[in-house]
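What you see is a predicted model; the values in this text were computed from it and never measured.
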Amino acid sequence: MLFVAKKNPNGTGSRPRKRPNGRYEARYWIDTPEGRKRQSVYGATSKECAEKLADVKKKANESTQFVPSNLTVAEFLGQYEEVAKGTMKRRSFETYQDIARLHLLPAFGDTKLKALTREQVQRLYSRKRDQGLSAARVRRIHGALSAALNKAVRWRMVPHNVCKEVSPPRVEAPEINPMTRDQAKEFLTAAETDRHYVLYVLGITTGMRIG
């Protein structure tokens with residue numbers, strides 16, 4: 001872990017100071033197995049020194065971004081489910097449970113979370129399509145897995161979400177065959193006695209959708 005020595009008044013980081021030799025210095029500390037040690041960066045100008053310190057901080061953040069977990073995918077999904085249960089809508093949570101039980105756990109429940117690859121995920125999608133699942137259904141599997149892995153990234157269990165590297169199947173837009181003018185007239189004539197007649201007229205004459 002990295003600790004900056006001093007803070008600017010606006011809290012943006014270490015303030016470079018000018019040394020007797022004319023160069024600038026900014027200090028920071030790092031945690032090591034032997035204890036906390038002080039380090040410095042130097043520059044010919046205050047700006048150069050601040051840029052070097054910013055680069056050190058960036059690299060330190062990247063190196064501590066995640067802690068590889070030895071959990072299996074099944075164990076991780078168990079932890080995720082406990083959180084999802086209290087944050088998802090009931091129907092969404094039930095859908096996730098079904099997807100996890102029927103598709104995710106059988107596919108790679110025993111795989112180490114840190115070892116899960118985009119190839120494994122992509123193959124899962126291909127198998128499901130070969131087994132007859134619709135593209136829309138496979139995309140729901142993709143959405144559930146991606147949401148879970150986003151949480152794994154946030155929990156710093158993995159460095160990135162492998163679902164962002166795969167390509168779920170594309171859902172073809174259904175072909176729409178609207179009624180002709182004559183068909184619409186015939187329909188409205190036949191529906192004149194129906195209690196929803198006004199809604200039919202509204203829908204046909206304005207093109208409104210249910211939503």
Side-chain angles (χ1 to χ4, degrees), residues 1-88 92-93 96 100 104 108-125 139 141-168:
M1 183 176 294
L2 178 146
F3 298 87
V4 177
K6 292 183 179 180
K7 295 289 184 181
N8 282 330
N10 60 5
T12 57
S14 176
R15 176 189 299 164
R17 64 177 185 175
K18 195 170 185 178
R19 295 170 55 84
N21 62 4
R23 291 174 61 80
Y24 286 82
E25 175 189 17
R27 296 177 177 178
Y28 63 94
W29 278 264
I30 59 173
D31 280 337
T32 70
E34 293 77 30
R36 186 173 297 182
K37 292 186 177 181
R38 189 178 71 182
Q39 303 287 330
S40 296
V41 291
Y42 301 91
T45 64
S46 177
K47 180 180 178 181
E48 179 185 351
C49 190
E51 288 174 347
K52 287 184 177 181
L53 180 63
D55 186 57
V56 169
K57 291 167 66 177
K58 179 181 177 182
K59 290 179 179 178
N61 288 336
E62 290 174 350
S63 66
T64 59
Q65 184 177 8
F66 76 102
V67 178
S69 171
N70 284 321
L71 290 177
T72 64
V73 172
E75 291 169 334
F76 161 69
L77 290 180
Q79 293 185 5
Y80 173 73
E81 184 173 307
E82 287 300 313
V83 175
K85 182 166 54 178
T87 57
M88 284 185 182
S92 297
F93 179 67
Y96 160 75
L104 303 182
F108 26 68
D110 293 333
T111 302
K112 294 290 187 182
L113 178 64
K114 63 184 179 183
L116 184 65
T117 66
R118 63 179 178 83
E119 290 84 5
Q120 287 175 291
V121 176
Q122 194 72 67
R123 285 197 296 269
L124 170 65
Y125 298 167
R139 289 188 74 92
I141 295 172
H142 171 75
L145 178 59
S146 184
L149 292 180
N150 278 338
K151 187 67 72 174
V153 172
R154 186 174 180 181
W155 290 345
R156 298 185 178 181
M157 292 179 170
V158 291
H160 64 280
N161 181 348
V162 295
C163 281
K164 297 184 182 298
E165 303 170 355
V166 302
S167 301

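In this structure, the separation between CH2 on Trp155 and CD on Gln79 is 6.0 Å, given to the nearest 0.5 Å. Annotation: the span from Thr111 atom OG1 to Gln120 atom CD amounts to 4.5 Å, rounded to 0.5 Å. Here the SG-CD1 distance, from Cys163 to Ile141, works out to 11.0 Å after rounding to the nearest 0.5 Å. In this structure, CZ in Arg19 is found 7.5 Å from OG in Ser40, a value given to the nearest 0.5 Å.
Pairing each heavy atom of Arg23 with each of Ala44, the nearest pair is NH1-N, 4.2 Å. Residues Cys49 and Ala26 come closest through the heavy atom pair SG-N, 3.4 Å. Taking both residues in full, the closest heavy atoms of Leu77 and Ala148 are given as CD2-CB, 3.9 Å, listed atom of the first, atom of the second, then distance.
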### Full working for side chain to side chain contact (heavy atoms under 4.5 Å, CB included) between Leu116 and Leu149
CA-CA 10 Å; Leu116 184 65; Leu149 292 180; 4.1 Å; yes
### Task
Could you give me the CA-CA distance, side-chain angles and deciding distance for Lys114 and Asn70, then say whether side chain to side chain contact (heavy atoms under 4.5 Å, CB included) is met?
CA-CA 7 Å; Lys114 63 184 179 183; Asn70 284 321; 2.8 Å; yes
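The shortest distance between side-chain heavy atoms of Asp110 and Thr72 does not fall below 4.5 Å. Taking the side chain as every heavy atom from C-beta outward, Val158 and Phe76 never approach each other to under 4.5 Å. Between Thr117 and Gln122, the closest side-chain pair of non-hydrogen atoms is not below 4.5 Å. Side-chain contact between Phe108 and Leu145 is present, with at least one heavy-atom pair separated by less than 4.5 Å. Between Lys47 and Tyr24, every side-chain heavy-atom pair lies at or beyond the 4.5 Å cut-off.
A salt bridge links Glu48 with Lys52; the closest basic N to acidic carboxylate O contact falls under 4.0 Å.
In this structure, the side chain of Ser146 does not engage the main chain of His142 through any donor-acceptor pair within 3.5 Å.
Exactly one of Leu124, Val73, Val121 qualifies for a side chain to side chain contact (heavy atoms under 4.5 Å, CB included) with Leu104. That residue is Leu124. Each of Val166, Asn161, Val162 was checked for a side chain to side chain contact (heavy atoms under 4.5 Å, CB included) with Lys164, and the lone residue meeting it is Asn161.
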